**Q** 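Sharing a structure, written as structure tokens. Questions coming.
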Amino acid sequence: MSLLQVKNLRVEFPTRRGTLVALDDVSFDIAPGEVLGVVGESGAGKSMTGAAIIGLLEPPGRIAGGQILLEGKRIDNLPYEQMRRIRGRQIGAIFQDPLTTLNPLYTIGRQLIETMTTHLPIGPGEAREKAIGWLEHVGIPAARERIDSYPHEFSGGMRQRVVIALALCAEPKLIVADEPTTALDVSIQAQVIAMLKTLAREKGTAMMLVTHDMGVIAETADRVAVMYAGRISEIGPVRELVRHARHPYSKGLMDSIPPLDRRVERLQQIDGSMPRLSAIPKGCPYNTRCPRVFDRCYVERPELLDAGTTRAACWLYAEGAPQGASV
Amino acid sequence: MSTSLTPRPGTTPMLSAQNIARYFDVSKPLLQRMIAREGKRTLRAVDGLSFDIPKGTTLSLVGESGCGKSTVARLVVGLYGTSGGRVMFDGQDLSLARADSKQRSRMQMIFQDPYASLNPRWRVVDIVAEPIRAFGLLDDKQAILRRVGELLTQVGLSPLDGSKYPHEFSGGQRQRISIARALSSNPEFLVCDEPTSALDVSVQAQILNLMKELQTRLGLTYLFISHNLAVVRQVSDRIGVMYLGKLVELAPAESLFSRPRHPYTRALMEAIPDLEMTGRKRIPVGGEVPSPISPPPGCTFHPRCPLANERCRIEVPLMTLAGDAMVACHAVEEGRDQEGRGALPR
């Protein structure tokens, strides 16, 4: 059974000029030990999906429809206190900027110990030993000496390791990682990704990895969901999506990544930009930029359809699509 | 496209940096220093850098944050003064060139953040026309409007967009406005400081393509600053790799990728996630960039370098010619990197 199920999730932002739909009919699930990568352009709704799952949507944003289930139990309608207990104990979160996640006034040891004594049936002494163990585990040298240091005494890469230790120390079943390596330098990024992946695998922790960096996804994720304008446009195994994306948008996104192994005269580009939430076109939201658009795309909104090894929200994969569609 | 390191004799490079340096005073206030009996502290952001950019070519500087690449960008257009060395702009000392508005209009800059670099209270037409007015290139109102229209068309926007404000545009479109503004004084030399790193990949491709088109059409010379090696490969003729305020390798683009020589260059390439999914086992470089306030002695990369020995810990390596590249590494100079190939797979 899936650990996390998201069913037809809809998030709305009421504004003076009307209601904006930030997430529309988003459905996916994550199995225990699985890493689901979520990619898309900024504003596509990736982080919003993560925030909805951990119950930290910024007001006035609210879940207006659908369900989120953790181990078969609904968590989207829980009162704040109850959700707070799930957050930390069952769902860990890692955000982009480690400085805003850590409390600058507490030593990292205190933050780790507090997290563990709150969520696990252990005393402070045992928690301290465990905290040192976690710090060693995430690769912080001289953990026993550094446990009483403050966040500002660590470098960016080390701080992000502390954040990861903090997210993992209560042994959650699911981790929501929102751009965990974006604020780090390339050489540190590689270290952190490798570590995150090993830890998740060892503990059988499921992970939702939100990032705009396809390289990170290709190395870490088992499956990928591509988001566009608040909807999932394609979802499938990482290999298939990176090599043979079916949806014209995912394909465009993959093709526009500059290759490292050769120089090309002209990079593939997607013309135009993603529509604003207030101006999402009727039918398929990608119809303004799609090179393979046809009449049906302007009328009806596509559902996720079977596209061979992936599922794509594209009318090219429906019956009666124009010739040469399923390439 | 020029691939030779030394410019052909008789041609003046567009820009020539000769042993340039920039130090920042990061000392505590005098009283605190006296109480704690501490000396002054300097941060050597750029510490003795030399390179030439021949006309019509692109030189890229890559490196991790804090390596001094953005400081170089500001030094070569004169936004910072140098603490040592000098910058020659088309054969003329930069300080003289900057005093002459005609010369100054030949260089422009594009910044990283298209949200911060455009005045939110100005209409696009005024933003783009600002350099034209500042340099007094045109004074007739109609002529300025026509020129702005041309510039906007050139970067793929519509002349009608001139009457809008920056917030009405997406990140990629804003970067197009920045480029239009930079082009409005008919510059020959553009300094681009991470022009695409705030943009999404699909939009990044648009901007990179646009920059390449403009270079071909207008014969522009670029100094391109980036941390993304894949991006740099697409636009550069030559690439300089920086580490802690120094160049560690300077090579023709293709040569740098086909045969990276400096251990740091190799480590950087090794660190890039593999999109092709060949299952290649990556060996991430250990450790982190040390503080530029108290850099390690000898070669600043030695604490992280798999090839470091006693000499590297003591003696600062100088840039020496290795094939078609310049490399600052004792191991490469002594040929030790060949034995060490196993340590850093390539």
Side-chain angles (χ1 to χ4, degrees), chain A residues 39-44 139 141 154-158 181-195 211-220 228 238-239 242-243 249 252-276 289, chain B residues 62-67 156 168-173 196 198-210 212-213 216 227-236 253-254 257-258 264 267-277 279-291 304:
Chain A
V39 290
E41 290 172 76
S42 42
F154 292 87
S155 65
M158 285 296 151
T181 59
T182 310
L184 306 177
D185 276 316
V186 221
S187 69
I188 314 299
Q189 247 180 35
Q191 299 169 3
V192 171
I193 294 165
M195 191 196 68
T211 178
H212 67 274
D213 188 338
M214 273 316 297
V216 170
I217 294 278
E219 288 223 326
T220 323
Y228 188 80
V238 64
R239 252 168 201 280
V242 170
R243 291 189 179 162
Y249 173 65
L253 199 61
M254 301 300 154
D255 290 344
S256 60
I257 300 168
L260 182 69
D261 57 351
R262 64 188 184 278
R263 181 183 167 118
V264 292
E265 265 325 299
R266 199 183 151 75
L267 292 162
Q268 294 285 327
Q269 63 180 51
I270 308 179
D271 292 328
S273 47
M274 197 165 67
R276 295 179 172 213
R289 301 169 81 186
Chain B
V62 289
E64 296 178 274
S65 49
C67 73
E168 296 175 63
F169 295 90
S170 67
Q173 290 169 324
T196 62
L199 306 176
D200 283 309
V201 269
S202 62
V203 181
Q204 165 173 283
Q206 294 175 10
I207 298 296
L208 292 177
N209 284 336
L210 173 67
K212 283 170 99 169
E213 273 169 39
T216 324
H227 68 280
N228 187 331
L229 279 167
V231 165
V232 155
R233 177 161 208 175
Q234 305 309 318
V235 298
S236 317
E254 280 316 305
F257 281 94
S258 59
Y264 178 62
L268 266 188
M269 295 203 180
E270 198 58 35
I272 299 166
D274 186 3
L275 194 63
E276 303 294 321
M277 293 196 290
R280 165 175 74 105
K281 192 93 182 112
R282 291 199 289 132
I283 303 168
V285 57
E288 296 192 24
V289 185
S291 156
R304 304 174 76 188

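The structure presented is a predicted model; accordingly, all values stated were derived computationally and were not measured.
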**Q** Side chains of Leu267(A) and Gln234(B): closer than 4.5 Å at any heavy-atom pair?
**A**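 Yes, their side chains come closer than 4.5 Å.
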**Q** Between Leu208(B) and chain A, which part of the residue has a heavy atom less than 4.5 Å away: side chain, backbone, both or neither?
**A**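 The answer is the side chain of Leu208(B).
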**Q** Met254(A) versus chain B, heavy atoms under 4.5 Å apart: side chain, backbone, both or neither?
**A**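 No part of Met254(A) comes within 4.5 Å of chain B.
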**Q** What part of Val235(B) is in contact with chain A, defined as an atom under 4.5 angstrom from a non-hydrogen atom: side chain, backbone, both or neither?
**A**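 Only the backbone of Val235(B) comes within 4.5 Å of chain A.
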**Q** Please enumerate all residues that pass side-chain hydrogen bond (donor to acceptor under 3.5 Å, both in side chains) together with Ser202(B), with sequence neighbours excluded.
**A**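 side-chain hydrogen bond (donor to acceptor under 3.5 Å, both in side chains) list for Ser202(B), sorted by chain: Glu41(A).
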**Q** Less than 4.5 Å to any heavy atom of chain A: does that hold for the side chain of Val203(B), its backbone, both, or neither?
**A**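 For Val203(B), the contact with chain A is made by the side chain alone.
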**Q** Mind checking whether Glu254(B) and Arg263(A) have side chains closer than 4.5 Å, heavy atoms only?
**A**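 Contact flag for Glu254(B)/Arg263(A) side chains = yes.
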**Q** With no hydrogens and no angle check, is any side-chain donor or acceptor of Gln206(B) less than 3.5 Å from a backbone partner on Gly272(A)?
**A**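 Side chain of Gln206(B) to backbone of Gly272(A), a donor-acceptor pair under 3.5 Å: yes, one is there.
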**Q** Counting only heavy atoms closer than 4.5 Å, note whether Ser273(A) contacts chain B via side chain, backbone, both or neither.
**A**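 Just the side chain, heavy atoms under 4.5 Å.
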**Q** Mind checking side-chain contact (heavy atoms from CB on, under 4.5 Å) for Pro290(B) and listing every partner two or more places apart, or none if nothing turns up?
**A**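 Checked Pro290(B) against side-chain contact (heavy atoms from CB on, under 4.5 Å); matches are Tyr243(B), Leu244(B), Pro296(B).
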